[in-house]
Amino acid sequence: MDVAHAQVDVQELADLFKVLGDPTRIRIVQQLLNKEMCVTDIAESMGMGQSAISHQLRVLRQARLVTFRKEGKTVMYSLNDEHVVMLLSQGIEHVSHQ
């Protein structure tokens, strides 16, 4: 697909970038690059409260950047698909480029 000429919903794309414009959400996505994790593990690794992480995960879920599955009473989060990995990887590459 020719990305330059693709018909896109500009507002939807802007909203996606707004979601990714938050440092906490980017850190959560980075955590999930390596493996699926539960809220407790994400909160612990980031030194934040579980309620704050849960709120950010809800925003990421609504933007279809993360998905979840239940394992008993535990909810495990992971990146939604390879597009999310590519978005983050390309962003890191862009800001690291001299």
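In this text the structure is predicted, and so the values were computed from the model without any measurement.
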> Sequence neighbours excluded, which residues qualify as side chain to side chain donor-acceptor pair (under 3.5 Å) partners of Gln11?
Replying inline: Asp15

> Got a second to check how far Met48's CE is from Arg27's CZ, nearest 0.5 Å?
Replying inline: 7.0 Å

> In terms of heavy-atom contacts, does CD of Gln30 have more than 12 from other residues, nucleotides or ligands at under 6.0 Å?
Replying inline: yes

>> Working to the nearest 0.5 angstrom, can you tell me the gap between Leu33 CG and Gln31 CD?
In response: 9.5 Å

>> Just so I know, are the side chains of Ile53 and Thr40 near enough to count as touching, which here means a heavy-atom distance under 4.5 Å?
In response: no

> Can you get from Val10 to Leu20 by hopping between Ile, Leu, Val, Met, Phe, Trp and Tyr side chains that sit under 4.5 Å apart?
Replying inline: no

> Taking it one step at a time, do Asn80 and Leu60 satisfy side chain to side chain contact (heavy atoms under 4.5 Å, CB included)?
Replying inline: CA-CA 10 Å; Asn80 195 24; Leu60 291 166; over 6 Å; no

>> To the closest 0.5 Å, what do you measure between CG (Leu32) and CE (Met76)?
In response: 9.5 Å

>> What's the separation between atom CG in Leu87 and atom CG in Asp81, rounded to the nearest 0.5 Å?
In response: 9.0 Å

>> I'd like to know whether Asp22 forms a side chain to side chain contact (heavy atoms under 4.5 Å, CB included) with Val59, so could you lay out the CA-CA distance, the side-chain angles of the two residues, the decisive distance to 0.1 Å, and finally the verdict.
In response: CA-CA 11 Å; Asp22 181 85; Val59 173; over 6 Å; no

>> What's the separation between atom OG1 in Thr74 and atom CZ in Arg69, rounded to the nearest 0.5 Å?
In response: 9.5 Å

>> So if I apply the side-chain contact (heavy atoms from CB on, under 4.5 Å) rule between Met37 and each of Leu57, Ile28, Ile42, which one comes out positive?
In response: Ile42

> Can you tell me how far NE2 of His94 sits from OG of Ser89, rounded to the nearest 0.5 angstrom?
Replying inline: 14.5 Å

> Listed by chain and number, what are the side chain to side chain donor-acceptor pair (under 3.5 Å) partners of Thr24, not counting sequence neighbours?
Replying inline: none

> So do the side chains of Leu79 and Leu65 get within less than 4.5 Å of each other, counting heavy atoms only?
Replying inline: no

> Counting heavy atoms not belonging to Arg64, are there more than 12 under 6.0 Å from its CZ?
Replying inline: no

>> Is there a path of hydrophobic side-chain contacts, each under 4.5 Å between heavy atoms of I/L/V/M/F/W/Y residues, joining Val19 to Leu13?
In response: yes

